[in-house]
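Single-structure report; data block below.
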Amino acid sequence: MVPIFQEISITLRHTIAAQVKDGPRDIDMLEWFTRTALELIGQSGLGHSFDSLKGATVNPYSKALKKPSVSGIVFASDRPAHYRASPALVRLTVPRLLLPYVVKIGSPKFRRYIAEMVPWKELHEVLRMVDIMDKTSIDIFEAKKKALLMGDEVVLQQVGRVKANMAASEEDRISDDDLIAQMTTLVFVATDTTSGALSRTLLTLAQHPEAQDRLREELKQAKADKGNLSYDDLVNLPYLDAVCRETLRLYPPATFSVRTARKDILLPFSTPIKGVNGAEMRDIVVPKGTNIFISILAANRNREIWGEDALEWKPDRWLKPLPSSVTEAHIPGIYSHLMTFLGGGRACIGFKFSQLEMKVVLSVLLESFRFKPCHEIVWTMGLSAPRIKDSKDETYQLPLNVELISGEGN
């Protein structure tokens with residue numbers, strides 16, 4: 001996948017270089033990272049190109065993806081008691097709790113008719129988003145299915161799971177609707193989290209120019225020694241890896257998640273706490289069906305685990321052995337003693353894919369451009385997305401000042 005990632009990243013580099021060839025300018029990097037992340041999962045996961053990245057025209061699917069992803073809470077560090085619910089899905093939070101019951105009423109056509117009749121702007125906006133995403137997924141699925149039936153071996157390599165499902169017995173086969181739903185979910189999650197992680201990493205490097213220069217030098221030296229960097233080359237660059245790990249620790253793309261207990265369990269505490277009656281408690285009974293909110297952000301920033309500097313961005317912490325407080329904490333995450341990609345049977349299946357995307361894109365862009373902050377940015381909670389602090393424009397965006405480094409980016 002590295003060659004595909006590099007080709008897409010180089011196209012992005014050329015497009016940005018054309019915009020700054022006459023001098024530095026402010027560019028919304030969130031828009032470009034969203035388009036790039038969509039193209040990365042499209043080409044490598046589905047064998048489909050959503051966006052050439054060569055012009056200002058944005059694929060409707062990309063626009064639709066970003067609208068639900070901005071659903072969260074905007075939190076400004078200087079206003080800790082202030083939060084603002086963002087559009088569409090967040091305003092539908094309470095009605096969404098009724099979905100398990102609503103889907104049992106009538107036929108899908110009837111439910112859609114009722115939804116269209118309800119005078120609710122946010123609901124209609126979500127319907128339009130879903131329509132675009134669903135239609136695109138169906139078109140891709142049908143095109144690949146048709147090509148497989150015609151014996152297209154290239155398509156077989158790209159979407160072998162589709163053919164395996166077509167060949168399965170009736171009992172084991174996943175319905176086309178379920179496959180399409182999985183496609184939509186995969187593309188949405190892969191695009192949204194990667195664009196958010198890349199945006200946060202680049203902003204953080206812009207805010208720490210010494211770290212940006214240090215990383216650029218590591219990348220330039222590696223390319224001078226080895227030429228185009230392979231998978232092994234990229235994953236073995238220590239400072240690039242440290243920058244990615246530290247950013248994913250301090251700024252996870254998803255700040256919390258929800259899980260439901262499938263049976264009665266006894267949940268132990270990491271340290272004893274006192275109950276309301278003053279008695280010491282070491283665990284708590286969690287009944288089956290209980291919804292549990294997992295604070296990824298709190299776990300990754302726990303001072304008892306990561307030390308008093310847990311709220312500071314320090315990539316160098318990953319360049320030496322981690323303290324015993326980290327290694328012995330037994331955090332159940334699948335990645336670097338963190339909860340960023342969760343853990344267990346429902347952990348993120350694409351965490352290695354996401355890390356590789358980040359490293360390839362950063363390796364291409366940092367070689368050619370210098371990035372500087374140009375606005376104060378605040379981020380949503382939930383699925384993190386940036387916007388300009390106190391701006392009347394509530395569009396989610398990440399403007400950065402981009403400067404072409406002499407002799408590069410051509």
Side-chain angles (χ1 to χ4, degrees), residues 71-86 89-90 93-94 96-98 100 193 196-197 200 204 245-318 320-348 351 378-384:
S71 301
I73 296 173
V74 175
F75 178 81
S77 59
D78 63 334
R79 293 176 292 174
H82 172 74
Y83 67 93
R84 180 185 66 81
S86 64
L89 286 183
V90 157
T93 296
V94 174
R96 283 165 60 198
L97 298 176
L98 302 175
T193 53
R200 180 69 90 159
T204 305
R245 287 178 190 271
E246 182 66 352
T247 305
L248 291 170
R249 179 193 72 82
L250 190 59
Y251 307 116
T255 58
F256 67 88
S257 187
V258 182
R259 292 291 183 264
T260 302
R262 299 175 64 181
K263 60 181 181 180
D264 295 343
I265 60 171
L266 193 63
L267 184 67
F269 297 135
S270 58
T271 55
I273 64 172
K274 284 189 176 182
V276 291
N277 60 357
E280 188 177 88
M281 300 172 58
R282 295 181 177 273
D283 47 47
I284 187 172
V285 174
V286 179
K288 177 182 178 180
T290 302
N291 290 328
I292 302 174
F293 282 78
I294 303 169
S295 178
I296 298 170
L297 199 66
N300 287 1
R301 296 180 173 192
N302 190 334
R303 284 190 174 93
E304 292 183 4
I305 296 174
W306 294 96
E308 290 303 312
D309 61 354
L311 299 182
E312 299 177 40
W313 187 77
K314 290 185 173 181
D316 283 337
R317 76 171 79 240
W318 298 96
K320 55 189 177 184
L322 294 171
S324 59
S325 59
V326 174
T327 58
E328 296 176 6
H330 304 298
I331 297 295
I334 57 173
Y335 171 72
S336 294
H337 307 284
L338 302 171
M339 288 300 294
T340 301
F341 296 104
L342 296 172
R346 296 182 65 85
C348 174
F351 76 101
V378 292
W379 293 76
T380 61
M381 296 288 281
L383 287 173
S384 294

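Along the sequence shown, the residues carry numbers beginning at 1.
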When you look at CD of Glu304, are more than 12 heavy atoms from neighbouring residues, nucleotides or ligands closer to it than 6.0 Å? no

Going by heavy atoms in the side chains, are Thr255 and Ile296 under 4.5 Å from each other? no

Give the minimum heavy-atom separation between Met281 and Gly275, together with the two atoms involved. SD-CA, 3.6 Å

Taking side chain as C-beta onward, heavy atoms only, is Phe256 less than 4.5 Å from Leu297? no

All heavy atoms of Leu248 vs all of Asn300, minimum pair found to be O-ND2, 3.6 Å

Atom pair OG1 (Thr290) and NZ (Lys288), whose distance is rounded to the nearest 0.5 Å: 11.5 Å

Does a side-chain heavy-atom distance below 4.5 Å link Phe351 with Thr340? no

When you compare the side chain of Leu338 with that of Trp306, does any pair of heavy atoms fall below 4.5 Å? yes

N/O donor-acceptor pair under 3.5 Å between Arg301 side chain and Leu250 backbone: yes

Working to the nearest 0.5 angstrom, can you tell me the gap between His330 NE2 and Ser270 OG? 11.5 Å

Could you state the interatomic distance from CD1 (Ile331) to CE (Met339), rounded to the nearest 0.5 Å? 7.5 Å

Do the side chain of Arg346 and the main chain of Arg259 share a donor and acceptor less than 3.5 angstrom apart? no

Should Thr247 and Pro315 count as side-chain neighbours, where that means a heavy-atom distance under 4.5 Å? no

Are Pro323 and Glu328 packed together at the side-chain level, in the sense that at least one heavy-atom pair is separated by less than 4.5 angstrom? no

Would you find a donor on one side and an acceptor on the other, under 3.5 Å apart, between the side chain of Arg303 and the backbone of Ala310? no

Rounded to the nearest 0.5 Å, what separation is found between the CG atom of Asp309 and the NZ atom of Lys314? 4.0 Å

Could you check whether atom CZ of Phe269 has more than 12 heavy atoms from other residues, nucleotides or ligands sitting under 6.0 Å from it? yes

Flag, side chain of Asp264 to backbone of Val285, donor-acceptor distance under 3.5 Å: no

Within the distance-only criterion (no hydrogens, no angle test), does the side chain of Thr380 pair as donor or acceptor with the backbone N or O of Leu383 below 3.5 angstrom? yes

For a quick test of reading the model, state the closest non-hydrogen atom pair linking Ala261 to Pro287 and the distance between them. CB-O, 3.7 Å

Report the distance from atom CD of Glu280 to atom CD1 of Ile273, rounding to the nearest 0.5 Å. 9.5 Å

